[in-house]
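Reading through the structure tokens given below for one structure.
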Amino acid sequence: MRHVVGLGEGRGGAGGGGASFSGFLSPAKVEHSTLGESPAMKRARVAATGPKAEFFDDAGLDDGDVALAGKVGSLNGELLAEFESLLAFYASKKTEPWRERQYRKIVAVLKNLPFRITCLEDLNRPQCAVLNGGHTRTRVEEFLRRGKIQLAQNLQNDPRTVAISMLMNFGVQGGKGKYGSYVGTSTAEKWYDSGITTLPQLQHRIESDPTFLTHNQRVMWDFRSDFSQRVPRREVELIADVIAGVFPSSSVVEVMGSYSRGAPDCGDIDLLVTCHGDVGRRCSEAVEALTKAQFITATLRDSHHAPGAHSGQWMGGCRLASLVPARPGFADYTLHRRLDIKVYPPKFRAFAQLYFGSGQEFNRAIRLFATRQGYTLSDQGLRRATRGKNEKGEYGTLWEGPLLEDPSGCNWTTEASIFEFLGLPFIPLEDRDNGIGVARLEAMARAQATKPAAEEDCFIVPTDPRSVVAAANLQRLAPLPSLAEGWRSNGIVALDCEFVGVGRNTSGIGGERNALARASVVSYSGDVLLDTFVKVEEPVTDFRIHVTGLTQANLDQGISFQEARDHVIRLLEGRVVVGHSLAHDFKVLNYHPPAVLLRDTSSCPHLRPGDKGKSLKALSEQHLGVKIQDGTHCSVEDARAALYLYRSVQDLWDPTPPVLGTSAKAEALDKHLTEAAENMAAPVATGHNEPLAQHFDRLAARSHHYAKDHYVRVSRTLRSLPYHLQSPKDLLRPELRCVGRGKAHADIVRMLHEGVNEVNKGA
DNA sequence: CGGCTGTACTG
DNA sequence: CAGTAC
DNA sequence: GCCG
């Protein structure tokens with residue numbers, strides 16, 4: 001049961017700040033405790049005891065260490081300072097986002113490590129994982145030996161780093177780690193390169209040129225002094241009450257961020273509002289009222305009021321003073337505060353809590369974990385997803401399913417349900433921003449990775465001893481093509497079904513329609529994931545026993561059609577499906593995955609039929625040298641046969657993974673790709689667009705991060721095109737979609753008109 | 001060698 | 001698209 | 001920078 005502080009009660013008990021803001025009496029509930037433990041902390045603490053203790057046992061920690069956790073930091077002060085210098089250096093360089101991240105993790109761990117590092121062996125403790133890599137371990141070793149890290153010493157006073165850090169924080173000390181100034185590494189570097197290196201210079205430039213700053217930068221500049229002040233808990237609570245006052249009474253307002261972790265004061269205020277109805281509209285209405293009341297004093301970001309949006313959000317500055325008149329003996333609340341408000345419908349509440357209650361690294365870690373499990377996790381739910389490389393070699397989401405329901409039936413009411421779904425122990429709030437939770441997630445991920453393919457995914461009803469015997473021939477096939485990485489083994493299954501005839505028996509051969517009687521799915525390694533008989537609702541008019549070998553007794557052992565279909569879809573969804581004449585199977589299953597995911601051995605250009613035709617039996621004999629379907633068919637055997645046929649030509653037929661959009665877009669995209677494939681002449685030598693490609697190589701060489709990735713993609717795509725790019729119209733072709741509509745597009749158009757050299761002269 | 005969270009704003 | 005935020 |  002959650003602890004809910006109603007408005008009337010909370011105020012009186014808290015000793016009364018004397019705040020009376022008529023018109024802003026909060027109808028909504030505010031969830032926070034005015035003293036001691038917050039409900040979120042309590043929730044976390046209660047749920048934490050089991051798994052946390054386990055983790056620390058594994059970690060080889062004793063209770064003393066645990067007790068220290070949370071109020072340490074000075075234990076490794078000197079080492080921390082060294083790494084903070086290194087972090088500052090890399091954080092000032094836009095070319096080093098990943099090193100920066102790594103150092104950020106290192107610093108986070110050192111700040112919270114419950115023991116002092118005195119020897120190299122300490123690095124073997126699991127919490128020190130990030131310190132135990134190649135470079136970092138060497139640096140720590142150097143520190144233990146000489147009491148300092150030379151590189152850090154050298155970089156510590158690097159004037160460029162110092163200046164850029166100053167610019168990124170508008171000269172405010174202790175910046176970073178609270179909220180952004182809207183001046184990142186790129187802008188700061190630009191300013192630095194233009195000669196702005198000191199605060200007075202920056203100030204002069206800002207004052208003399210009214211267009212120098214963007215709107216958001218201007219807000220952060222104007223309020224930089226107020227925003228840098230910590231907000232006491234008491235004021236956070238008052239502000240939460242104000243916000244609650246402008247939302248419907250059924251809403252719930254929760255204070256997230258450092259407040260929820262018990263901090264005595266906060267850098268900014270992060271509020272999660274859960275309300276029914278159109279969250280976008282509720283958010284807009286609230287912001288409007290707060291602006292009218294002069295509570296909101298600046299806006300940094302406001303979600304457009306899009307009806308039916310999944311969330312509404314507003315970011316900006318606020319001040320209590322207009323609502324809480326100054327009175328002698330009480331704080332006058334004149335400081336402006338950074339406030340974020342996010343509004344979600346109840347179904348996303350736990351996801352939003354998870355996101356806004358955790359630190360960045362924890363969120364990245366748990367989302368990465370979800371991805372590795374075949375899901376994608378965000379503040380707006382959980383979906384099935386497969387990731388891999390598409391045909392252009394870009395890494396990304398190949399397929400994404402609809403929002404998942406909570407299998408526990410609790411409708412994702414708690415964060416715990418999300419952890420449970422992902423197979424993770426509940427990680428308490430206090431461990432979600434200090435590196436400990438991240439370390440636990442990474443440990444879980446590693447454990448998961450070494451676990452064999454999920455056996456609980458398999459659903460096997462003992463069917464027919466022949467399936468084992470018959471398939472043995474195929475199992476002996478060796479050597480199989482080496483298992484390629486990623487999607488080439490994980491994302492592929494093979495399907496085969498057996499049918500019996502139902503309906504009016506007109507011709508004497510079979511019923512007029514097919515009914516599913518047995519379904520089999522095997523993994524890339526040939527293991528049976530599903531094999532079951534299926535009950536047939538209608539009377540069977542033809543068992544086709546010479547082919548299927550099935551009898552009424554077999555079907556009676558089976559599961560219902562609906563059940564079988566669910567199992568099949570669960571195993572096939574988002575995966576490449578191999579089979580022979582799959583159309584029949586999908587028609588009967590009434591399930592139609594996008595064509596880009598299908599590999600039908602009956603129509604494979606690399607499996608040329610021989611004299612005996614292109615039946616599965618003939619192809620197996622011809623290409624695999626194996627006799628199958630000797631007597632009646634076995635769907636496991638047939639699925640394996642199709643799988644091994646596929647694997648025998650996989651490199652030729654299927655060198656790269658399929659491209660897919662999200663569910664809604666999938667069909668359209670699939671159509672595009674099919675058309676593109678048809679339009680495109682048979683593959684010919686590549687390299688037709690070398691000069692264009694080289695242009696993007698040059699751009700890539702001097703770009704960074706996302707921009708660099710983009711140019712590399714464009715270059716690669718241009719090189720691999722089987723035709724000359726001649727007119728801007730060609731850019732409309734789907735295979736060139738990755739060019740986008742921006743600079744790359746413009747450059748290509750210009751180069752087509754003016755020639756490559758002209759364009760490069762300009763650049 | 002190449003991936004490293006996911007979403008959404010502003011300019 | 002690039003930059004930035006959370 | 002780290003990891004597989």
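What's counted below: heavy atoms across the whole structure, side chains too, no hydrogens, waters or symmetry copies. Below, chains carry the letters A, B, ... as their sequence lines are ordered, and counting in each starts from 1.
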Is atom CD of A:Gln229 surrounded by more than 12 heavy atoms (other residues, nucleotides or ligands) closer than 6.0 Å? yes
Is a donor on one side and an acceptor on the other found under 3.5 Å between the side chain of A:Arg383 and the backbone of A:Leu377? no
Take atom CG of A:Asp340 and atom C1' of B:dT7, then tell me their distance rounded to the nearest Å. 14 Å
In whole angstroms, the gap separating P of B:dG11 from NZ of A:Lys190 amounts to 13 Å
Establish, for the pair A:Arg99 and A:Phe89, whether the NZ or CZ atom is under 6.0 angstrom from the six-membered ring centre and no further than 45 degrees off its axis. no
Any donor-acceptor pair under 3.5 Å joining the side chain of A:Tyr355 to the base of C:dC6? yes
How long is the line joining CD of A:Gln217 and C1' of C:dA2, in whole Å? 13 Å
Under 4.0 angstrom between A:Ser186 side-chain N/O and C:dT4 OP1 or OP2: yes
Classify A:Lys105 by what it touches in the nucleic acid, base, sugar-phosphate, or nothing, heavy-atom distance under 4.0 Å. nothing
Ring pair (Phe, Tyr, Trp, His ring centres under 6.0 Å) involving A:Phe223 - partner list, sequence neighbours excluded: A:Phe227, A:His336
A:Ser378 side chain: which of C:dC6, B:dG6, B:dT10 is closest? B:dG6
Write down the distance between CD1 (A:Ile366) and P (C:dC6), rounded to a whole number of angstrom. 21 Å
Would you indicate what A:Arg338 reaches in the nucleic acid, counting non-hydrogen atoms under 4.0 angstrom: base, sugar-phosphate, or nothing? sugar-phosphate
Is there a donor-acceptor contact under 3.5 Å linking the side chains of A:Tyr179 and A:Asp340? no
In whole angstrom, give the distance that lies between atom CZ of A:Arg301 and atom C1' of B:dT10. 9 Å
Report yes or no: do A:Gln153 and A:Glu82 form a side-chain donor-acceptor pair below 3.5 Å? yes
Looking at A:Arg137, I'd like to know whether one of its side-chain N or O atoms comes within less than 4.0 Å of OP1 or OP2 on D:dC2. no
Sorted by position of nearest nucleotide on DNA chain B, 5' first, the leading residue of A:Arg364 and A:His215 is A:Arg364
Determine the Euclidean distance between corresponding C1' atoms of C:dA5 and B:dT5; express it in Å to zero decimal places. 14 Å
Given the rule that a pair is Watson-Crick or G-U wobble with both distances under 3.5 Å, how would you write DNA chain B in dot-bracket, using | for pairs to a different strand? ||||.||||||
From CE of A:Met168 across to P of C:dA5 the rounded distance in Å is 7 Å
Applying the 5.5 Å / 30° rule, does A:Trp98 stack onto the base of B:dC4? yes
Please state whether the phosphate of D:dG1, meaning OP1 or OP2, lies under 4.0 angstrom from any side-chain nitrogen or oxygen of A:Tyr90. yes
A:Thr214 side chain N/O closer than 4.0 Å to the phosphate oxygens (OP1, OP2) of C:dT4? no
Less than 6.0 angstrom from the centroid, inside 45 degrees of the normal: does A:Arg101 satisfy that with respect to the ring of A:Trp98? no
Using ring pair (Phe, Tyr, Trp, His ring centres under 6.0 Å), reason through A:Phe421 and A:Tyr375 one step at a time and then give a plain yes or no. CA-CA 11 Å; A:Phe421 179 89; A:Tyr375 301 97; 5.0 Å; yes
Choose from C:dT4, D:dC2, C:dA5 the nucleotide whose nearest atom is closest to any side-chain atom of A:Thr136. D:dC2
Taking the minimum atom-to-atom distance to the side chain of A:Gln380, which one of C:dT4, C:dG3, B:dT7 wins? B:dT7
Side chain of A:His135 - closest among C:dC6, D:dG1, C:dT4: D:dG1
Which distance, rounded to the nearest 0.5 Å, do you find between the CZ of A:Phe212 and the CH2 of A:Trp191? 4.5 Å
What is the distance, to the nearest angstrom, from the CZ atom on A:Phe696 to the P atom on C:dC1? 11 Å
Write down the distance between CE (A:Met220) and C1' (C:dT4), rounded to a whole number of angstrom. 12 Å
What nucleic acid atoms does A:Thr187 come within less than 4.0 Å of, heavy atoms only: base, sugar-phosphate, or nothing? sugar-phosphate
Which nucleotide sits closest to the side chain of A:Ser303: C:dA5, D:dG1, B:dC9? B:dC9
If you look at every strand shown and take non-hydrogen atoms under 4.0 Å, does A:Ser181 touch a base, only sugar-phosphate, or nothing? sugar-phosphate
Which of these nucleotides, B:dT5, D:dG1, B:dG6, is closest to any side-chain atom of A:Thr376? B:dG6
Need one value for A:Ile106: base, sugar-phosphate or nothing, where a base atom within 4.0 Å counts as base even if backbone is also close, heavy atoms only. nothing
For D:dG1, does either OP1 or OP2 sit under 4.0 Å from a side-chain N or O belonging to A:Tyr103? yes
